[in-house]
K.L.:
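Sharing a structure below in structure tokens format, with a few things to ask.
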Amino acid sequence: SAYIPIDFELSLSDEYYFVGWSDNVEVDTTNDKLVYIRSMKDNVSVVATIAKKPVVTIEGTNNGSIVATYVDPSDSTNTITLNSGDYVAPGTDITITYRPDKGYVFKSSVINGKPVKYTDYVDGDGKTTDNKRVVIDDIQSDKTVGAEFEALSTYEITYDVVIAVDNNPNGTVSCSADRKGLYSYIVSPLTSGDSVYSGSDVTFEAVPDEGYRVKEWIVNGEVMKSQGITITDNTLTLSDVQEVKDVVVQFTVLGNKMT
């Protein structure tokens, strides 16, 4: 009968999204993919307009990884990680995180072959890490994401105790290193002759024998001073190391040595 209501329902594969129906149908109030023709007295063409979703392609890279995520629109506490080739709904905000492997740092990023600006990544503890981040706001077209990572320089660290005239060191020294507080860069203890990565903080700990104290620290042949005063603390930290370091500590008698 020309007066029997007719229902139309649209089913889509994952890579497409629904845009809208032609004006000659009534859209269901709870499901926009379901429409009705209440009364049909003549031939009717019903048109459903669909479009392909944007696809995110993550290029393969060496010495690091690229992670693309977005917030689940149905659950703001859930973050979804994209695989290369996944489709996303238009209008989605995509966060791209660049994660260098140990011994490497982020160098540059491109989206669709063009360089893009990035920001530092700050972790949950408020520390700035080696990771970088780019946000693609309101994605409307396909995006291909790439990055380049480069190796960190390394620098040898040597250290020792000055032997006194009595042929005794009169104490010991140990060493440790870390870089930006990142767990993978912590080295403790650090053996003399080992190398650290560029930007590391290297800490030396002197332990004088009983009756002795630190007289001075000498780094690369120069006596270490603070505001013109020779540093005699038991601990010495060299921050943001960018060159080879040779460190020696010398102990001296604390007051008068009793014999």
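Count residues from 1 along the sequence.
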K.L.:
Verify, without hydrogens or angle tests, whether Asn112 (side chain) and Asp142 (backbone) share a donor-acceptor contact under 3.5 angstrom.
P.N.:
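Here the side-chain-to-backbone pair exists.
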K.L.:
First locate atom OH of Tyr155, then atom OG of Ser198, and finally report the distance between them rounded to the nearest 0.5 Å.
P.N.:
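Here the rounded value is 4.5 Å.
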K.L.:
At their closest point, which heavy atom of Ser84 faces which heavy atom of Ile58, and how far apart are they?
P.N.:
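Looking at all heavy atoms of both residues, the shortest contact is OG-N, 2.9 Å.
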K.L.:
Working note: Asp93 + Val71, criterion side-chain contact (heavy atoms from CB on, under 4.5 Å); need CA distance, chi angles, decisive distance, verdict.
P.N.:
CA-CA 8 Å; Asp93 295 337; Val71 177; over 6 Å; no
K.L.:
Calculate, to the nearest 0.5 Å, the distance between atoms CE and OG1 belonging to Met224 and Thr232 respectively.
P.N.:
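One finds 13.0 Å between CE of Met224 and OG1 of Thr232.
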K.L.:
Is Phe204 reachable from Ile231 through a run of hydrophobic residues whose side-chain heavy atoms are each under 4.5 Å from the next?
P.N.:
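Yes.
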K.L.:
Would a single hydrophobic cluster contain both Phe18 and Val27, if residues Ile, Leu, Val, Met, Phe, Trp and Tyr are joined by side-chain heavy-atom contacts under 4.5 Å?
P.N.:
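Shared cluster, yes.
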K.L.:
Could you go through the side-chain contact (heavy atoms from CB on, under 4.5 Å) check for Thr95 and Arg133 one step at a time?
P.N.:
CA-CA 7 Å; Thr95 298; Arg133 174 171 285 180; 3.5 Å; yes
K.L.:
Looking only at heavy atoms, what is the nearest atom pair of Gly85 and Val55, with distance?
P.N.:
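Looking at all heavy atoms of both residues, the closest pair is O-CG2, 3.3 Å.
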K.L.:
Could you check Thr154 against Val196 for side-chain contact (heavy atoms from CB on, under 4.5 Å), going step by step and ending with a plain yes or no?
P.N.:
CA-CA 5 Å; Thr154 59; Val196 298; over 6 Å; no
K.L.:
Check the surroundings of atom NZ in Lys180: do more than 12 heavy atoms from other residues, nucleotides or ligands lie under 6.0 Å from it?
P.N.:
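Buried by this count: over 12 neighbours within 6.0 Å.
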K.L.:
Between Gln140 and Pro54, what is the shortest heavy-atom contact and its length?
P.N.:
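Smallest heavy-atom distance, with atoms named: C-CG, 3.7 Å.
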K.L.:
Is Val202 linked to Tyr185 within one hydrophobic cluster, defined over Ile, Leu, Val, Met, Phe, Trp and Tyr using a side-chain heavy-atom separation of less than 4.5 Å?
P.N.:
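No, no single cluster joins them.
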K.L.:
Where the side chain of Lys53 meets the backbone of Asp14, is there a donor-acceptor pair that is under 3.5 Å apart?
P.N.:
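Yes, the answer is positive, given that a donor and an acceptor are paired below the 3.5 Å cut-off.
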K.L.:
With clusters defined by side-chain heavy atoms of hydrophobic residues (ILVMFWY) lying less than 4.5 Å apart, directly or transitively, does Ile139 cluster with Tyr87?
P.N.:
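Different clusters: Tyr87 never reaches Ile139 through Ile, Leu, Val, Met, Phe, Trp or Tyr contacts under 4.5 Å.
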K.L.:
What pair of heavy atoms forms the shortest contact from Val161 to Gly171, and how long is it?
P.N.:
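Shortest heavy-atom contact: CG2-O, 4.0 Å.
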K.L.:
Give every residue pair that meets the ring pair (Phe, Tyr, Trp, His ring centres under 6.0 Å) criterion with at least one member in residues 95-136, sequence neighbours excluded.
P.N.:
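For residues 95-136, and leaving out neighbouring residues, the ring pair (Phe, Tyr, Trp, His ring centres under 6.0 Å) pairs sorted by first residue read Tyr98-Phe106, Phe106-Tyr118.
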K.L.:
Are Ile80 and Ile136 grouped together when hydrophobic residues (ILVMFWY) are joined by side-chain heavy atoms under 4.5 angstrom apart?
P.N.:
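Yes; Ile136 is reachable from Ile80 via cluster members.
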K.L.:
In Å and rounded to the nearest 0.5 Å, what is the NZ to CD distance from Lys215 to Gln250?
P.N.:
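So the gap between those two atoms works out to 4.5 Å.
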K.L.:
Please lay out, stage by stage, how Thr57 and Lys143 fare under the test side-chain contact (heavy atoms from CB on, under 4.5 Å).
P.N.:
CA-CA 6 Å; Thr57 301; Lys143 301 295 180 184; over 6 Å; no
K.L.:
Indicate yes or no: at least one non-hydrogen side-chain atom of Glu205 is less than 4.5 angstrom from one of Val173.
P.N.:
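Result no, sub-4.5 Å side-chain heavy-atom pair not found.
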K.L.:
Taking atom NZ of Lys52 as the centre, does the number of heavy atoms from other residues, nucleotides or ligands within less than 6.0 Å exceed 12?
P.N.:
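No, not enclosed.
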K.L.:
Starting at CD1 of Ile186, measure out to CG of Asp201 and round the result to the nearest 0.5 Å.
P.N.:
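Those atoms lie 11.5 Å apart.
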K.L.:
Classify the side-chain pair Thr97/Asn131 by whether it contains a donor and acceptor separated by less than 3.5 Å.
P.N.:
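Note: Thr97 and Asn131 side chains miss the donor-acceptor criterion.
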K.L.:
For the residue pair Asp233 / Thr235, report whether a side-chain donor-acceptor contact shorter than 3.5 Å exists.
P.N.:
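Short answer, no.
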K.L.:
Measuring only between side-chain heavy atoms, which start at C-beta, is Asn62 closer than 4.5 Å to Asp101?
P.N.:
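Asn62 does not reach Asp101 side chain to side chain.
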K.L.:
First locate atom CH2 of Trp217, then atom OG1 of Thr230, and finally report the distance between them rounded to the nearest 0.5 Å.
P.N.:
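So the gap between those two atoms works out to 13.5 Å.
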K.L.:
Got more than 12 heavy atoms from elsewhere within 6.0 Å of NZ, Lys107?
P.N.:
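Open: at most 12 neighbouring heavy atoms sit under 6.0 Å from NZ of Lys107.
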K.L.:
Shortest non-hydrogen contact from Tyr197 to Leu152?
P.N.:
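That closest heavy-atom pairing would be CD2-CB, 3.8 Å.
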K.L.:
I need the minimum non-hydrogen distance between Tyr70 and Leu82, along with the two atoms involved.
P.N.:
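Of all heavy-atom pairs spanning Tyr70 and Leu82, the closest is CE2-CD2, 3.5 Å.
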K.L.:
Could you go through Asp28 and Thr30, starting from their C-alpha distance and side-chain angles, then the distance that decides it, and tell me whether this counts as side-chain hydrogen bond (donor to acceptor under 3.5 Å, both in side chains)?
P.N.:
CA-CA 6 Å; Asp28 186 87; Thr30 60; 2.6 Å; yes
K.L.:
Any non-hydrogen side-chain atom of Lys117 less than 4.5 Å from a side-chain atom of Val134?
P.N.:
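Lys117 does not reach Val134 side chain to side chain.
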K.L.:
Are Val88 and Ile94 packed together at the side-chain level, in the sense that at least one heavy-atom pair is separated by less than 4.5 angstrom?
P.N.:
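Side chain of Val88 against side chain of Ile94, heavy atoms only: contact under 4.5 Å found.
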K.L.:
Quick check for you: to the nearest 0.5 Å, what is the distance between Thr79 atom OG1 and Asp75 atom CG?
P.N.:
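Separation between the atoms: 9.0 Å.
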K.L.:
Can you find a heavy atom in the side chain of Val253 that is under 4.5 Å from one in the side chain of Tyr212?
P.N.:
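In short, these two side chains touch, coming nearer than 4.5 Å.
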K.L.:
Just by modelled atom types, is the Ala147 backbone N or O under 3.5 Å from a matching donor or acceptor in the Thr61 side chain?
P.N.:
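Such a contact is found between Thr61 side chain and Ala147 backbone.
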